[in-house]
Structures are given as structure tokens and as C-alpha cells.
Amino acid sequence: MDIIGNILYDTIYHSAPIILCVIGGIFAYKANVLNIALEGMMLIGAFVSTLTAFMTQNIALGVLLAVLAALAFGVVFSLMGVTFKGNVIIIGLAINLLASAIAKFVLVRMNTSNITLSFMNVADLKLHIPVVENIPLVGSILSDHPLITYISFLGIFFMWVLMYKTRFGIYVRVVGENEDAAKSIGLKTDFYKYAAILIGAVCCGLAGANLSTERLGLFTNDMTAGRGFIAIAAIYCGQGSPTLSAIYAVVFGLARALSVNLSIYAGPAAGLFDVIPYVIMVCVLTVVSVLKHKNNKVRGFKNE
Amino acid sequence: MSIIKTIDLTKKFGDFTANDRINISVEKQEIKCIVGENGAGKSTLMNMLYGLLRPTSGKILLHEKETVINGPMDAIAHGLGMVHQHFKLVPSLTVYENILLGAELKKSSKSPIIDRKKEIDEVKKLIEKYKFELDPTDKIEDISVGGRQRVEILKMLYRNVDILILDEPTAVLTPQEVDELFVNLKELRAQGKTIIVITHKLREVMELSDSVTVIKQGKVVGNVLTKDTSEEELAQMMVGREVVLTVQNTAENKASEEIAYQVEDVCTINDYGKEVLQNISFCVHKGEILGVAGVEGNGQSELVKVLTGLMKTTKGKVSIYGKDVTDKWPDELRQNGLGIIPEDRYAQGLCGTMSIADNCIAGYHSVPDVCKFGLLDRKNISCKRDRFVKDFDIRVGDINGNVGQLSGGNAQKIIIAREFESNPKLLIACQPTRGVDIGSIEFIHKQILDFRNKGNAVLLISSELSEVMSLSDRIIVMYKGRIIGELSPKEVSRSEIGLLMAGIQNNKAKGAFI
Amino acid sequence: GSNTSVSSGVASTPAKSDKKIAIVCDAAGQNDNGYNQAAVNGAKEAAEKFGIQYKVVEPTNGVPAALETLADDGYNVIFSLEYDFDALIKGVGGAKPIAESYPDTTFVVFNDNPNVTSSGDVKYKNVISVMFDVHEASFLAGSLSVLVNENAKTLFADGYKFKDPASGGRAIGFIGGTNSNGITVFSYGYIQGINYMAKELGVKYDYYAKYDAGFTDSALGSTVAGTYYDKGANIVYGVAGGVGEGITSKAKEVGRLAIQVDANKDNQQPGYVLTSVLKNTNVPVVTICTALVENKLSSMENLQSYSLSSGATGITDLSEISKHIASTDAAKAKWDEIKAKIAQIESKIGSEIKVVNAQAGEKFDASACPNVNIK
Amino acid sequence: MKRMDFGKRLVNSVLPVLLAFVIGGIVILMIGENPLDTYGILLGKSLFTVKGFLNTLHYASPLILTGLAIAVTFKANIFNMGVEGQLLLGAFFSGIVGTSLPASLNPAAAQLLCLAVGVICGVVFALVPAILKAYCHVNEMVVTLMLNYAMIKVLEFLATGVFRDYSSGYVCTPIIKENAMFPRFGNSKLTMFFFIAILVFIVMYVVMNKSKLGYEITAIGKNPEFAEATGMKVHKKIMIMMIISGALSGLAGAGYMMSEQFKYTLSFSGNPGLGWDGMLIALLGGHSPVGILVAAIFYSALKTGADHINLYSTVPKEIVSVIQGLIILFLAVKFVDEHTNIREKLFRKKTGKPETAISEEA
Ligand SMILES: Nc1ncnc2c1ncn2[C@@H]1O[C@H](COP(=O)(O)OP(=O)(O)OP(=O)(O)O)[C@@H](O)[C@H]1O
Ligand SMILES: Nc1ncnc2c1ncn2[C@@H]1O[C@H](COP(=O)(O)OP(=O)(O)OP(=O)(O)O)[C@@H](O)[C@H]1O
Ligand SMILES: [Mg+2]
Ligand SMILES: [Mg+2]
């Protein structure tokens, strides 16, 4: 029972930053811009939030600046990709590299290998949800997460509304699906692409702050460890639907939680447990794709 | 009083002048037709009126006042709406969402949430007012092409425009749907709207319009009242010489009994699992042209894809001269003597960003005279290209340039040259003259007839009814993925085929199912 | 720039010397707050003392390339912190061993003694191997862990959330970066230390370990530590670079303790780091530099072992954690008692107590530690 | 026309590099150092001394191969991001074979065998995403990215388990036998491996520019529907391209193992890894083999130069990573290509998005 509680709590823990990247990334996906810079934006968010908190002892300011830093990267991405029409895959890769290089460069200049926030205790950042907290099992799973973790889950609903119930969401989808149609009703298509990318940036900034400052109180180099790419896989699996894609993010979180919690019992094979999340993602992607193409009689790959 | 007037309107794309000092004038409450060959500059002109393109020079007068139109929204604000040649609809959204796109109704002025119910009601009212046939909650991807066009028109009417521009509205409609559209348009004119219709179908011009403007190579070459002119005169103005409007299949039908191409019971499904081809069976004899008629979206595309190896069947058999070629790949089909003129030349026939020479060998790039030991023989390829260019009178600016720089007709001629020069025994020609000017149409039609006359078989698929009627020896009509009838072009009238295309079987169609 | 003194530097003291030394860092880099940084600090200290020049290198194209370039440039002593000895000692790709090609340069390698022939003799006079008896230091940490764990209630004031040893709190965790001798040497000594104390107290301990946590993903370190704390561990020992920061962060979060490694990182999360197992690379660096300026290098032993008594290894003086011992008399008394006990154990190590040295190729026998239940 | 194109390509490759250097220079200035000196050190020793240049060529060898491996798929718009994983797998098992060979085996045979094992491993691993893409339409980019992470973990598991060198203090496989090592020429690090890479480069040059396959790859990249309709069997070509890509990656890994590393370690391919470097090189070289050759050598000079920065200046070598990132960023944008860009856009309007082409011109 205890272990199940732990696995579920860890699932939420590991899912949160990925969910944030996912629900941010889906807008760019829907706007037909492949944003593989999620990883870099998250990393710079993680870095700036911790750095700021370290220097000012102010976590809120750290989160704010993390979002701004990610936004700055988002602006660079949009500028190069949308305005100058560069290849977005290359730009994404470049941003990922740059984020990592900048963080390393600054750490070297600061003469340290990581930034530790010793002035605070991450336990104090956890929110105890009044009534829920006391329900057995459920309480231990749903309570005691930091604010951004809750934001990430609430964000799924928010993004769903934004995507399907507001003008903005419709326009983003129209821009992605038929740019000519968007132009013909006078939409500034570039504006919606920018907006879609920048929403992703904000979410990635938050995800980074969640990962570093809020949960660990520290930043180490390359600490995002591929989570942004996992988010992209989740977006693809869920085909850009906020709920479905978020579910895939949770699946990954669950796989991670399982691998961490079960490796204690795995003996020498424990090292292989870390492979599980990635393999699960590939399997899920394959199943989704096979189902999607099960009726496909048309040869070729023009739509991919 | 003229409601729209242009003065010396000019548009240049780089060095290329698409519109050259155009002067036209449209009166209130008239239907104005603008005709011209492909690439004459008709769409360019309309796009300037609609604010999608900025004129290089010249003026636009609306209600006799000079107006600068800064984009589509501005045009609509000035009471000017346009239905594009290529519909600007979003397939995954519903009818009502598309109509209200950009003008969504919200729960209240402050709420960011869209009010779905109010939107549907509003669109229902609109549909009733103009007596269109549409369900507001259908998704665009599920409705017919005619329906999509009605959505486009409603989109404009909802925005209260009083000038409506339609760019080639009839290209994709059945004769009956065309008639319906014309009724609708005349009704709108009666309600006080002004309508500009772009087309190059002269028959429709005569039937619909009050006045006609002819554009050729970006210049106005004629401005006449419809009642004062004839189809022949308009054609001459468009091309600049006398043309045979349709090459007639005058030769006696020399079709032999030998079956060249046999399609039996072929079925296939689309991505959603819906059966889009149902038990298609027909055969083409040697020395025969079999025409396939039908409104677009009734399975012809899928049929062509299946027959040219781009799509697999779920059932059925296809054979060329008795050899089973069911579900064979395009290269294997070509090896079996099939020549293919594809439906969309820039998607399946040519690669616009590759050179002319590279396009000349596409599909035949494995044959020994261009490819030895896996390496391409560039010299032979260039020779081949030069031969094609000479023999088929392909006009190229830069012989080393890309195909994308060629005009539509000349690009099509590359495909024609490539496929005919490989000596096929059977030709599948799909929309062979789509987007090609009248002069080239003449040429292509003659090529096809010559090919048939040499004793080969041709399957001709075209949405251009007159093309099918004038070339074919036999016609089959497709409706909703089935063959709904077979007829002889000499024995039936245009409108009879039209009825069949709309799914209404009459008794002249012998043996509705073959 | 402000960091010139880090990357290289010349001493400001009058004692000028024309000697040059270089430090070739391992993958963690010169700012790892630990192993590399200590060596750099040693070089800095030597530079100030003797006026020699020093250079710190973080190689991108591999250690051998850096060794060659530095040797070419006439550095007298090159300290190589990475485990990468083949090119130096054996020679690869038909090339001569670097040690042989540059007989005038002294190469110093750490944590291993590759400089021996098959018969066990010294192979190259100009290669010095430096070994730290971290297994013994880890042993101390193990014993300390048990002592603290058993008395946690008494020792620490409120704010900590220890699991009562009597009801499931007899567990300890270990997180290593990779499954190698360089890591297991810490773990085995630790287990033996735990076993030693547990046996004395007549209790049994569960031991949870992960040896492949890598050195970067601190979030992973945090969650793995989390599962160990959940299993009842009150102390988790991390030998995994940046992952270790995740462990201390988790320790603070759950109100328990962590043990750090390499440098003194007790004040990383003050009050939540019980101690650090030291590997003070600065000590051998300074020692060898001293020999260099005194021209005694050639007479130095080719294998330099730093034992607990050298000060190069051991555990910290516990001054940081002492600040967090409850101010009750009982706590103070207990704490003094524990410290005395540790000092007593330390004196026995090497003589009465033998600790397995995995780095020297010794095998660890789990059955010899009956009081530790390795999970 | 052709000359113009070449000029444009050159400007499009050189301008981003210059721009990145300028920005990097500003950063160096800001930390109070002299950018010109730094760049002099960065490139001087690695390009303008004989030994340095030969070493640069040595380190360029795997990069030429990974660059080609990336280009051959990227050119067809197939995104094999798994080059890194394929390289590691190839390296790992060529290393394992290299250690388990009898020491008496003829060196040529031993080396050939190791290379072959590397190639086979690369191919086998590349086949997974290839099959998924070709037969199940699974997005190859996401799959290869995921499999990279998985492969790194698996190899770590193997290297710490069955294939571990227990005598070593850290995680690595045993060093390969002498006969499996490529001997060096003279006192530089240059080995046979460079010439193998050059040989592969020549073959790939012919394949990409002169062969039917190259023609098909170009066509698939430019218009997959056209490629399919003209009988190029895109799924088969995807398999072939991925096999080539995997083989080149595996070869790169094996060669790097046999000429530089001699054993598998957890940091075998460095950071960010030879596979990722290959991506930058393919982009820098504009997917053309000659471009890749030049880019690989330039990039290798940067990498060796980073060591020299470390040695001869006080600028943190991380500046090189920053410059690399900037180069890629600027490379993404075609600086002097507006004309062709617009033409491409026009063209895309005609072919792209099948669902929007509801009505066609008649
Ligand atoms: N954006 C553009 N850039 C360059 N040339 C263009 C552009 N748009 C149109 N053209 C060229 O301008 C000419 C006129 O094109 P336009 O679309 O107006 O022709 P059209 O008369 O509408 O033809 P169709 O009957 O095929 O619709 C063509 O030669 C076309 O290639
Ligand atoms: N995108 C383009 N870029 C450059 N030149 C173009 C482009 N499109 C068309 N042209 C040039 O404009 C001219 C007219 O092209 P267009 O396609 O309009 O011809 P057209 O009148 O339709 O001819 P056809 O009847 O053969 O289709 C061609 O000679 C072509 O070289
Ligand atoms: Mg037009
Ligand atoms: Mg045309």
C-alpha cells in the first residue's frame, strides 16, 4: 500500500514539469511549428530561477525571471523561425545547446559546479491541502506538492479551455491547419505563431523553476536531462490535444516513478529500469501511430 | 454609377508584370464576368481588389472614391467580399465555426469564452434567409464541394458585403450545381448585390453575366456587354488567334475486342475506414478511350490513386493485357506498359524545385539508358531533355533551371513528353489539361487521340465534362464511389450526364451497373 | 578578469621559481566543489608558497592529448585527475607510452596504481600514483551513521523527522554515480563501518544502494534518496557528484541527514549534512610541489598512499553538525560520547580493523557483514 | 546560375560563423579578455602547425562520418536523431570484439572485423526507427531521440556489468588488443581512420551527387508525393537511407574506438557527443559532402582549439560551446536566399497541404 502511494506521489512529482512543457508545447504543435526547444527553455528557466533566488533570496522573483528568460528564448525562436523563416528544428537544437552552454559558462564564471539554495527548505514550499491532506492514501498522493505542480495540473484544464473555447485557440488551430484561411479573414498568422511559441516558453520557464528551485532548491548542469524531448514525444502521441498529451506525460511520469521505486527490488538489473520510460514512450507512439494508420491505404509519407 | 473602378492598376512580381495598367469598371447590381487564360492575371487583379496584394501602381475607386484597401478585413469593411478559387476553409472546423471565423460571438462582451449556442442559432438564421442547404454543425471535411462553396458565400454574406467576387466558382461543380449556383447568384443580384465572377468557361459567361472583361497576359483586351458578343469572339480575344474550342473525336471507333485493361470489383477505404470505392469494374479495349466522368470527390481521385499504384485496394483485381497488376507499385506499373498523367502535376508529376532534366527522367530513372550500375548518365539525360523540349515544343526560359519556373502548360508538356516517349501500351490520363491554356489543350488532346489511334488504350479521368465528352469512345460516370452508369457520348446530352453525375439515374444510361 | 587566479596564476610572493605544474581535471571540471577543486586549491597554495606557475586544464579532446601538449610545453609536474592511464603507461595505437616519451616530466595519477609491471615493480620512475584510503574514511562514516541513527532522538532538537530506529528506522542508503571500484570503495567501507557498530550494539541494518545514478541528474538523486528515506533510512550517503546535491536537498526537505563526499560540504545544507568523507587532493598536490621545489621529486616513492592520519582523507571535524545538536545536557553528553567513540575507532583502523579496499582490487564479502542486510 | 548558388551557399555558411564569432567576441570582451588573442589561440595551433593540423584531421574523422550520416537522412527530410546512439552501440561492440580477439590475429583482419562489427551494430540499431517509420509511420525523430536515451542507459548497464573491466577504477570496458588498434603515423595522432573516412566521403560524394539513389534522396526530400508517384518506393528508400546512416554512425564509433579511445567509457563520445556534433556539421556543410568535409575539419579545429584556449588563455572554454550554439542558430536562417525562399513558398502553396486543396484550378 505504502509503495503504491509512493509510486503515485512520484508519478505526480515526475509528471509536473513534463505536463507543463506539454501543455505549453501543444499550441506551437497546433500552429504547425515544431518546437524542439522546449528542453532548452526549461533548462534556462531552471537556471535563471535558481540563480535569481540564490542572489536575491526571493523565490517569487526567481520564478518571474525564469519565465522572462524562457520568454526571451521564445522570442529568439520566433524571430528566427517565424519572421526569418529559418528551419525550426535547427533553431530548436541551437537553443537547446545555447541554454546549456550559457548555464555552464556562468557557473564556471561563478566558480561553482551548481547553485544550492541553502537559505530555504523546499519542504516549506509544499502546499498542504486542508481537507484532502487527511484522507488516507489520497492525501499522501495529492497533498504536499509545490505550487507549480498544482498549476501544471490545473493548467491542463485551462489550456483545454483556451484551445477549444476561445477565439485565440481557434485562431491558433486555423493558422496551423490552413494558413491561407487564416490570412483571408485577416488574422496576423505570424502573431499567432509567436503567441503559440511564447505560451510554450512561459510554461517551460515554469517547468524549469518547478524542477530546480521549487522541488530541489538547486541547479546543476543539464539537469533537465531530456524531459523536454519526452514532452515532445507526449505531444506527438496525443496529437496536440491538451488532455490526451498530458495523459501521455503522466504515463511517462508513472514509468519514471515505477523505475525509481521498483529498482530497489530489482537487484543487478536495476540499471535497466531507467530504460523503461523511453521504451514505453516508443511503444505508445507505435501503437498510436498504427491505430491512426490502420485504415491507411495511401502509400507514401506526404503528410509526415 | 460604377461601384468599382480601377485606373491603370498594375502589379509586378519582380520583373514579371502580372497585371499591366488594368482599367475596368463594374456597375451596381450587375454580374460581371472576367475571363482569360490561366495565368492571365485574373486572380492577381481580384487579390488586389480584396487587399491580399498591394498594387505596384494605379488606383482603385470604390463608389467613385479612391480607396486604399489594406487587407481582407479592410475590404470586407468596405463591403467587398471574395470567394477564392481555392477555398479558404478549415476542414476540421464545423460549418458555423467557419462562417463565423474571425467574428466569433462571445458569451458576453467581457467573457473570453465563445457562445456555441448563440453562434449556431445565428448561422441557422443566415442559412434560412438565403435558402441555402446546409447543416451548421457539420464539419467541413464531411460536406460536399458545393456545400463548401455555399459556406464560403455565406461567410461573406454574414459580413454584409454588397460586392461579391467569385474566383472560378464553377470549376468543381456538377452542371446541376452550376445551375443552382447561377440561380443563387441571380437572386443575390436581385437583392441588390453586385457580383464579379472569374471564369474561363465561355458557356457560363454567356449564360450568367451582364458584361464581360477579357484579360490576356495581364492586359485588358476586351470589354463588352454579353448580349453583344459570342463564345467564339471571346475565345479569339483570349488567345489572340482562332482556336478549335474542343478537338473532336471524329475518327470512327476502331476499338478492337481485345481487352487492354481490366478492373474487376475494386474496393478501397479512406483513413476513416469509409469505403470510398465500391466494387468498381470496367475494362478498356485496345484502341479505345474510356472516359470517367463525375463530380470531384466521388472517388475518382481514389480510383486514380489505386490504378497508379499510390493506394492499395481492399478487394478486387486489376490487370493489364491479362497480367495481374493489383496493388503493384508505380514503377512496376510503368514497367508493365502503363503511362501516367497524374491528377496534380506539381504534387505527383513533377518536382518544382528540381531541374527540368531531373524531371524528364522521373519514373524512368532506372532504365538502362540513363542509369548504369546505379549511377546516372548525365549526358544522356541532357540529350533526352533536349529532345523532349524540341519535340514537344516546351518553352523554357532557362534550360538548366527548375521546373517550378515553367508555366503550367509547359510543365504539363514535360509530363506528356516523359510518359509518351516511354512507349506505353496503356495511358491513364487524369485531368490532362487542368490549368492549361486553350492552345496547349488542343495539343494535348491531339496527342491523346493519336496515341489511341495507334491501337493503344486510354483511361481518361476528368472533371471537365466537355473534355470527357469530346474525347471518349465510352463514358462511365462515378457517383459516391460507385460506377453509376455507362453511356456513349454520341447518344447522350450534357444535361443527361449531369443528372447522372448528381446521382440521378435516367433510363438512357444503359445497364447502370456493369 | 577576476578568475585569472583560478585558471592559472603566478605567485605574488618573492620566492620566484621557474617551475611549472599543471592540473588536468576529470569530467566534473575544476569547479566541482570537491575533488578537482581541492587539487586546484592545492596548486594555488603551492603557487603562493613557492612562486611556481600552475595551469588548470579541462580537456575536451581527451586526457592523453592534454598530457602530451602540457609535456611538450615543458610543465614539470602534471597531475591527472581522470582515470585514464593507458596512453600514459601502456601506450596506445603503437605510440610510445607518454611517460616514456617525456622522461623529464613527472606525471601524477590518482586513485589507482597503474604504474606497475606484471611482476609488481615500478614501471616508470616519472609516474607517481596517489591513493587515498577513503575506504577507511567511509568506515568511520558508517560507524558514525549508526551511532547517530541510534541516538537521533536524544541528539537533535525538534525540526528533524527521524524514523524511530526501533520501528523500522534501522536503514541506511547509499547512492553512487557509477558502478566502479572508485565508487564501491566508499560503499564497501561504509557497509563495514555500519556492520561494525551495529554488531557492537546488537542491531541489524538494512542497506539500500544505487550505483548508477550518474553525476548530473540531481532530481534523480533527490527522488532516489526520497525512496530510501521512505524506506526508513535516516541517513543517505551520496558519492555521485551533482546528484549528491539532490540528496542533501531531499534530506533537508524530509528533515533527515545526508553524507557528502570529496570536499567538506557540511555547510551545503547546514544541519542536514552529517559529515563529508574527504578526499583532499590538495594535500598530495602541495606535498609533491614541495618535493618539486626542493628537487626531491626523484627520490619520492612512486606510490603515495594517504591514510587517515595524513589529513588527506577522513571525515570532517563535525563542527557544522555540532551546531545543530540540541542544547540539552543529555544531547551534549551523548554527542561527546559519540565523537570519542569515533576517535577510538579511528585509532584502531589499519591495525585491529581491516577495511576492504576495492580500489586495490580487494574483494568484498557480504557474508562478513551479518549485521547489514544489503537490499 | 550554378556559380551564384555556390556563392550564396558559401555566404549562408560563412556569415553565421562570423556573426557567432562576433557575438562570442563581445562576451569575451565583457569578461575582460582579448577576443582576437583568444581566437588566435583557438584556431592558430589547430590549423597552422603541422602536428596540430594532423591532429585536427584525426579528430575530424568521426565527425566527417557522423556529418554524412546525418546529411543522408536529413536531405530526404528524414530526421535520424539517433546517430549518437548508433555510434555508441557500434563503438561499444567493436570495442568488445577488439578485446576478445586473439592477440595473434593479423592486424588487418582484426581491424576489419572490428569495423564490420561497428557497422553492423549501427545498422541494426538504425533499423528499429527505420522499420517503425517505413512500415508503421511512426515519427522517426521522436523515436530516435527516445532510443538514444535508452541506448545510453543500456550501454551503461552493460559496461558496468558483463563487459566491465574490473581492474579499472572507473566504469569502462577492457582496452582493445594491440592488433585492433589503428597505428599512428609519426608523432601526430593521425591514423588509417582518417583515410577510411575520406574513402567513405568519396563514396558518399558519388552516391549523393551522381547516383540514382542520390537523385531519389533529393526527390524524397523535396517532394515525397512526387517521389512515391514516380515509383521511388519511399518506404524502401527510408530503410536504405537509415541503413546507410546507421552504418556510417557505427563506422564512426568503431573507428573512434580503434584510433582514439580504445575502450568504452561513459564519456566515450564527449559532450555534446559526436553524433550531435555531426548534426551541426551536416547543417554547416549544407548537407553536401564537400561542405561536410570542410565543416568537419573546421569544427574539429574548434574542438582541439577549445583545449588550447584552456591551456593558453584564461577564457573559460565554455565560450566555445556558446559560439557553437550561436553558429547553429544563425545557420538556421538563410541570409541571402529571400529569392529562392519566396519561390519555394509559392511552390509550396501549389503542392502543400492536401486537405486545403479542396478545389483545384480547372
Ligand atoms: N506571388 C507571385 N509571385 C510571382 N508571380 C506570381 C505571383 N502570383 C501570381 N504570379 C504570376 O502572375 C501571373 C498571373 O497569375 P494569376 O493567378 O492572377 O492568374 P489567373 O489568371 O488567375 O490564372 P488561373 O486561371 O490559373 O487562376 C502568373 O504568371 C503567375 O505565375
Ligand atoms: N513562381 C514563379 N517564379 C518565377 N517565374 C514564374 C513563376 N510563376 C510563373 N513564372 C513565369 O511567368 C510566366 C507565366 O507563367 P504562367 O503559369 O502564368 O503561364 P500561363 O500563362 O498560365 O501559361 P500556360 O498557359 O502554359 O499555363 C512563365 O513564363 C513563368 O516563367
Ligand atoms: Mg486564378
Ligand atoms: Mg498557367
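Quick caveat, the model's predicted, so the values are computed rather than measured. Within every chain, numbering begins at 1; the chains are lettered A, B, ... in the order of the sequence lines, protein sequences first and strands thereafter.
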What distance do [X] atom [atom1] and [Y] atom [atom2] have between them, rounded to the nearest 0.5 Å?
| X | Y | atom1 | atom2 | result |
| --- | --- | --- | --- | --- |
| A:Lys104 | D:Ile319 | NZ | CD1 | 14.0 Å |
| D:His137 | A:Thr286 | NE2 | OG1 | 13.0 Å |
| D:Leu329 | A:Ile90 | CG | CD1 | 10.5 Å |
| A:Ile36 | D:Leu145 | CD1 | CG | 7.0 Å |
| A:Arg109 | D:Met30 | CZ | CE | 9.5 Å |
| D:Leu283 | A:Asn87 | CG | CG | 7.5 Å |

Do [X] and [Y] have side chains that get closer than 4.5 Å, going by heavy atoms?
| X | Y | value |
| --- | --- | --- |
| D:Met151 | A:Tyr278 | no |
| A:Val290 | D:Val138 | no |
| D:Met81 | A:Ile89 | yes |
| A:Arg299 | D:Val234 | no |
| A:His293 | D:Cys136 | no |
| D:Lys153 | A:Leu272 | no |
| A:Met281 | D:Val142 | no |
| A:Phe105 | D:Pro316 | yes |

Is chain A contacted by the side chain of [X], its backbone, both, or neither, given a heavy-atom distance below 4.5 Å?
| X | answer |
| --- | --- |
| D:Glu228 | side chain |
| D:Tyr135 | neither |
| D:Leu326 | both |
| D:Val320 | neither |
| D:Ile238 | side chain |

When D:His235, D:Met146, D:Met141 are compared by non-hydrogen pairs under 4.5 Å with chain A, the top option:
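Option with the greatest count: D:Met146.
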Residue list, side-chain hydrogen bond (donor to acceptor under 3.5 Å, both in side chains) with A:Lys193, at least two apart or on another chain:
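A:Glu179.
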Are A:Val282 and D:Leu132 close enough, and set up right, to give a side chain to side chain contact (heavy atoms under 4.5 Å, CB included), and what steps lead you there?
CA-CA 10 Å; A:Val282 171; D:Leu132 289 181; 4.0 Å; yes
Non-hydrogen atoms of chain D under 4.5 Å away: do they reach the side chain of [X], the backbone, both or neither?
| X | answer |
| --- | --- |
| A:Ile280 | neither |
| A:Val88 | neither |
| A:Asp222 | side chain |

Closest contact, heavy atoms only, D:Gly325 versus A:Leu97:
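Smallest interatomic distance, heavy atoms only, reads CA-CB, 4.3 Å.
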Under 4.5 Å, counting heavy-atom pairs only, tell me which of A:Ser289, A:Ala99, A:Gly92, A:Ala101 racks up the most with chain D.
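Maximum pair count with chain D is reached by A:Ser289.
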Passes side chain to side chain contact (heavy atoms under 4.5 Å, CB included), A:Phe301 versus D:Glu225? Steps please.
CA-CA 7 Å; A:Phe301 298 83; D:Glu225 201 182 349; over 6 Å; no
With D:Asn148 via side chain to side chain contact (heavy atoms under 4.5 Å, CB included) - residues at least two apart:
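D:Glu84, D:Trp276.
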